[in-house]
Protein chains: 2
Amino acid sequence: MRDLDETDMKILSLLAEDARRPFSSIGEEVDLSGPAVSDRVKRLEESDIINGFTIDVNRAQLRAGVPVFIQAEIGSESLEPACKQARESDGVEHVFTTSEGDLWFYARVEAHNVRQWMNGLFDEINIADYTVTLIDAMEWTPSVDGAEFALTCAECNNTVDTEGETTRIDGEVYHFCCPSCLARFEDRYQRLEEGV
Amino acid sequence: MRDLDETDMKILSLLAEDARRPFSSIGEEVDLSGPAVSDRVKRLEESDIINGFTIDVNRAQLRAGVPVFIQAEIGSESLEPACKQARESDGVEHVFTTSEGDLWFYARVEAHNVRQWMNGLFDEINIADYTVTLIDAMEWTPSVDGAEFALTCAECNNTVDTEGETTRIDGEVYHFCCPSCLARFEDRYQRLEEGV
DNA sequence: AATGAAAGGATTAAGCC
DNA sequence: GGCTTAATCCTTTCATT
């Protein structure tokens with residue numbers, strides 16, 4: 001795959017500002033034709049760089065329960081399923097996994113009893129302990145600073161440039177800076193699979 | 001202003017799933033014509049319920065520094081400016097204010113020294129203490145559960161229905177369940193202004 | 001990646017309840 | 001006020017170079 005160039009960054013920024021902006025109008029800003037922008041956007045979607053087009057909803061004006069931030073300690077074998085469950089649950093908006101293997105998330109709870117809600121949420125998952133913090137305000141900044149964007153190698157974290165490689169493994173897209181990193185990653189991945 | 005009805009909720013959900021979906025196609029799902037959907041979306045934008053159309057970018061694949069979650073204790077008089085500063089800073093993506101007056105945020109730090117980065121970020125603001133947690137993965141679910149949506153009164157937090165009022169004060173849109181709440185809010189607001 | 005033709009969507013205006 | 005339909009204009013898509 002091609003590296004993300006300046007033009008791609010600019011397109012990402014413009015779409016982040018207004019996702020419904022016509023491709024032809026974006027094209028005028030980046031000196032490209034409408035179809036050319038369309039092609040690039042399609043590529044960005046296929047590379048899983050654009051996850052999707054969405055709206056920024058002012059949730060503060062909408063009743064959606066009590067906003068809470070939950071920090072849960074979870075056994076490492078349950079982290080993955082717990083994460084999935086949180087993600088798919090209504091009201092959960094942001095899910096973080098810390099490097100220590102804890103699961104943190106922001107949610108809006110309609111139940112009157114958070115403990116009850118948590119029990120229902122993580123039905124068959126064992127949670128050692130968790131803390132609940134009430135949130136007063138929450139803001140999300142979709143703004144995209146073009147300069148901060150570049151692809152990173154899934155193996156070594158270096159910047160991926162024109163020489164890079166892209167592969168899809170189990171439906172997920174990964175980028176690599178060089179064939180060695182790709183090979184190493186595939187190796188690790190396979191061993192992981194076999195281990196399971 | 002009209003209450004947000006079931007149809008508006010459905011439109012919000014559909015746009016959250018795909019903000020570029022044609023209005024006419026949305027119209028088919030909610031049994032409305034294209035122009036009618038367009039009108040409703042325009043109203044949702046004018047009421048500041050839709051902040052904007054944007055993209056969900058897979059930041060994990062883009063180099064944007066080390067993902068961290070920072071929990072900072074801040075004196076109550078500095079909370080507002082600190083919040084603003086965080087929000088406007090590059091790399092800061094989610095900002096939470098806890099009910100205890102702490103400032104929490106998720107950011108991607110490019111600097112090699114987080115402490116240095118923090119000092120630069122909050123230049124003239126006094127921060128009592130903060131903790132930094134490394135984040136492995138972060139996911140955001142823009143999905144909107146229609147059922148959980150309703151306007152809330154800015155004064156009493158009750159649901160705003162058809163009888164509600166909407167006003168713009170200093171460029172911000174506020175919704176109220178009744179004229180009394182509007183009056184009370186305006187009163188409080190004015191006293192606040194005069195106090196400053 | 002540009003072009004041009006064809007298909008499809010957005011917006012406007014007129015009219016209805 | 002909010003809806004629909006029809007006309008117009010604009011945008012996207014696709015085939016071609």
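Chain A is the first sequence line, chain B the second, and so forth, proteins listed ahead of strands; every chain is numbered from 1. None of these values were measured; they are calculated from a predicted model.
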Fill in: Salt-bridge present (A:Glu186, A:Arg191; N to O < 4.0 Å)
no
Practice prompt. Sorted by first residue and then second, give each salt bridge (Lys or Arg N to Asp or Glu O under 4.0 Å) pair with at least one member in residues 175-184 of chain B; sequence neighbours left out.
Written response: B:Glu155-B:Arg184
Item to complete: Scan for salt bridge (Lys or Arg N to Asp or Glu O under 4.0 Å) pairs involving residues 125-141 of chain A, sequence neighbours excluded, and state none if there are none.
Response: A:Glu139-B:Arg87
Worksheet item: Residues two or more places apart in sequence or in another chain: which of them pass side chain to side chain donor-acceptor pair (under 3.5 Å) with A:Thr131?
Response: A:Gln71
Worksheet item: Under the side chain to side chain donor-acceptor pair (under 3.5 Å) test, which residues partner B:Asn51, sequence neighbours left out?
Response: none
Worksheet item: Under the side chain to side chain contact (heavy atoms under 4.5 Å, CB included) test, which residues partner B:Pro81, sequence neighbours left out?
Response: B:Ile125
Response to the item:
Residue set satisfying side chain to side chain contact (heavy atoms under 4.5 Å, CB included) with A:Leu134, at least two apart, ordered chain then number -> A:Val66, A:Val68, B:Ser99
What integer distance in Å separates [X]:[atom1] from [N]:[atom2]?
| X | N | atom1 | atom2 | value |
| --- | --- | --- | --- | --- |
| B:Ile11 | D:dG2 | CD1 | C1' | 13 Å |
| A:Glu28 | C:dA2 | CD | C1' | 15 Å |
| B:Glu29 | C:dG9 | CD | P | 14 Å |
| B:Glu45 | C:dA10 | CD | P | 13 Å |
| B:Lys42 | D:dC3 | NZ | C1' | 15 Å |
| B:Asp39 | C:dG9 | CG | P | 19 Å |
| B:Ile26 | D:dC3 | CD1 | C1' | 17 Å |
| B:Asp5 | D:dG1 | CG | P | 16 Å |

Write out a two-atom table: protein N or O, nucleotide N or O from nucleotides 9-12 of chain D, distance below 3.5 Å.
from, atom 1, to, atom 2, distance (Å)
D:dT12, OP1, A:Phe23, N, 2.9
D:dT12, OP1, B:Arg20, NH2, 2.8
D:dT12, OP2, A:Phe23, N, 2.9
D:dT12, OP2, A:Ser24, N, 3.1

Response to the item:
Applying ring-ring contact (aromatic ring centres under 6.0 Å, His included) to A:Phe23 and not counting sequence neighbours gives none
Worksheet item: At how many degrees, to 10°, do the end axes of the helix from C:dA1-D:dT17 to C:dC17-D:dG1 meet when each uses five pairs?
Response: 30°
Worksheet item: Is the A:Phe105 to A:Phe96 ring centre distance short of 6.0 Å?
Response: no
